[in-house]
Amino acid sequence: LDNEDGLGVEFTAWGYENQQWQSYSSPLSFSEEGNYRIFFYSQDKDENIEEIKSVEFSIDKTPPLINIASPQEDAIYTLNQNVAANYECLDESGIQSCVGDVENNQSINTQSAGLLIFKVKAVDTAGNITVKEIPYKVQYQSAGLCNGEPGHVILQPINSDGTSIFKQGSTVPAKFRVCDVNGNPV
């Protein structure tokens, strides 16, 4: 725009650093990933030239990177074992958020046996999103003592040495002693 008493804008020119000026005739479009710095100026119909200005911007299409050191993929942990989460989110344009199932250095879920998933979601400053999931397994303690007695064993009425005899057709309850990482029965 020219000032209110001016004769109007003759033309606007734009260009990249160290390149020839081009006449601006329609909106510019940028789609390639990278950093841009565009220079521009206008001249009015009285041949007044404004000071050269510039604008900088970036196009980021690359999603952030997530590194998860703990829990380890397909690791096997013991029930109630203390396993601290350890993860980081990286991106050249910067990280807007990096959120795991628990905060870094906090204990992951080992309160139930089975196959579990630990998830981290990262969002960079351009809005690109990455989600990474790490499977891990939680199981009962496989050996050791459970309240001072052998753990991970079958209990009466079934003898652990295989000498039990039961009447044909009878129902026999099978009970097991299983423990967590601290030797507590579950």
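A donor-acceptor contact shorter than 3.5 Å is absent between the side chain of N159 and the backbone of D161.
Between S93 and the choices T62, N128, N35, T125, the side chain to side chain donor-acceptor pair (under 3.5 Å) rule is met once, by T125. When each of D180, T110, N182 is tested with N80 by the rule side chain to side chain donor-acceptor pair (under 3.5 Å), just one qualifies, namely D180.
For the residue pair S58 and D60, no side-chain donor N or O sits within less than 3.5 Å of a side-chain acceptor on the partner. In summary, the side chains of D46 and Q43 do not present any donor paired with an acceptor at a separation below 3.5 Å, with no hydrogens or angles considered.
Here the CD atom belonging to E10 is positioned 11.5 Å from the CG atom belonging to N48, to the nearest 0.5 angstrom. Rounded to the nearest 0.5 angstrom, K137 NZ and I76 CD1 are separated by 5.5 Å. Within the model, atoms CD of E50 and NZ of K53 stand 4.0 Å from one another, a figure rounded to the nearest 0.5 Å. One distance of note links SG of C89 with NZ of K121; it measures 11.5 Å at 0.5 Å rounding. Here the CD-CD1 distance, from Q106 to I108, works out to 12.5 Å after rounding to the nearest 0.5 Å. Here the straight-line distance linking atom NZ of K175 with atom CD1 of I154 works out to 10.5 Å at 0.5 Å rounding.
Side-chain contact between L7 and D44 is absent, with no heavy atoms from C-beta onward closer than 4.5 Å. In this structure, P173 and P157 have side chains that are in contact, with non-hydrogen atoms separated by less than 4.5 Å. For the pair I117 and I134, the minimum side-chain heavy-atom distance is 4.5 Å or more. Two residues are said to be in side-chain contact when any heavy atoms from C-beta on lie closer than 4.5 Å; C98 and Y87 meet this criterion. Using a 4.5 Å heavy-atom threshold, the side chains of Y41 and F39 count as separate.
Residue S42 comes nearest to T12 through the heavy atom pair OG-OG1, 2.7 Å, listed as atom of the first residue, atom of the second, then distance. Listed here is the closest heavy atom pair of G183 and Q141: N-OE1, 3.9 Å. In terms of heavy atoms, N86 sits closest to N104 at CA-OD1, 3.2 Å.
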Query - side-chain contact (heavy atoms from CB on, under 4.5 Å) assessment of L115 paired with Y136 - result: CA-CA 6 Å; L115 181 62; Y136 65 99; over 6 Å; no

Requested in this report: Evaluate ring pair (Phe, Tyr, Trp, His ring centres under 6.0 Å) for F176 paired with Y140, printing each intermediate quantity in order.
Outcome: CA-CA 11 Å; F176 298 89; Y140 300 108; over 10 Å; no

**Report entry** Step-by-step side-chain contact (heavy atoms from CB on, under 4.5 Å) determination, W14 to L28
**Finding:** CA-CA 10 Å; W14 72 277; L28 303 174; 3.4 Å; yes

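Residue pairs meeting the side chain to side chain donor-acceptor pair (under 3.5 Å) criterion with at least one partner in residues 68-79, sequence neighbours excluded, are absent.
If you chain together hydrophobic residues whose side chains sit under 4.5 Å apart, I66 and I95 never meet in one group. Residues F11 and Y24 are members of separate hydrophobic clusters, defined by side-chain heavy-atom contacts under 4.5 angstrom among Ile, Leu, Val, Met, Phe, Trp and Tyr. V120 is not connected to V123 by any chain of hydrophobic side-chain contacts under 4.5 Å among Ile, Leu, Val, Met, Phe, Trp and Tyr, and they are in different clusters. V181 is not connected to L79 by any chain of hydrophobic side-chain contacts under 4.5 Å among Ile, Leu, Val, Met, Phe, Trp and Tyr, and they are in different clusters. Under the 4.5 Å side-chain heavy-atom criterion for grouping Ile, Leu, Val, Met, Phe, Trp and Tyr, I38 is not connected to W21 through any hydrophobic cluster.
The environment of CD in E92 is sparse: at most 12 heavy-atom neighbours from other residues, nucleotides or ligands sit within 6.0 Å. The local environment of CD in E32 is sparse, with at most 12 non-hydrogen atoms from other residues, nucleotides or ligands closer than 6.0 Å.
In this view, E56 and R37 satisfy the salt bridge (charged side-chain N to carboxylate O under 4.0 Å, His left out) rule, not counting sequence neighbours.
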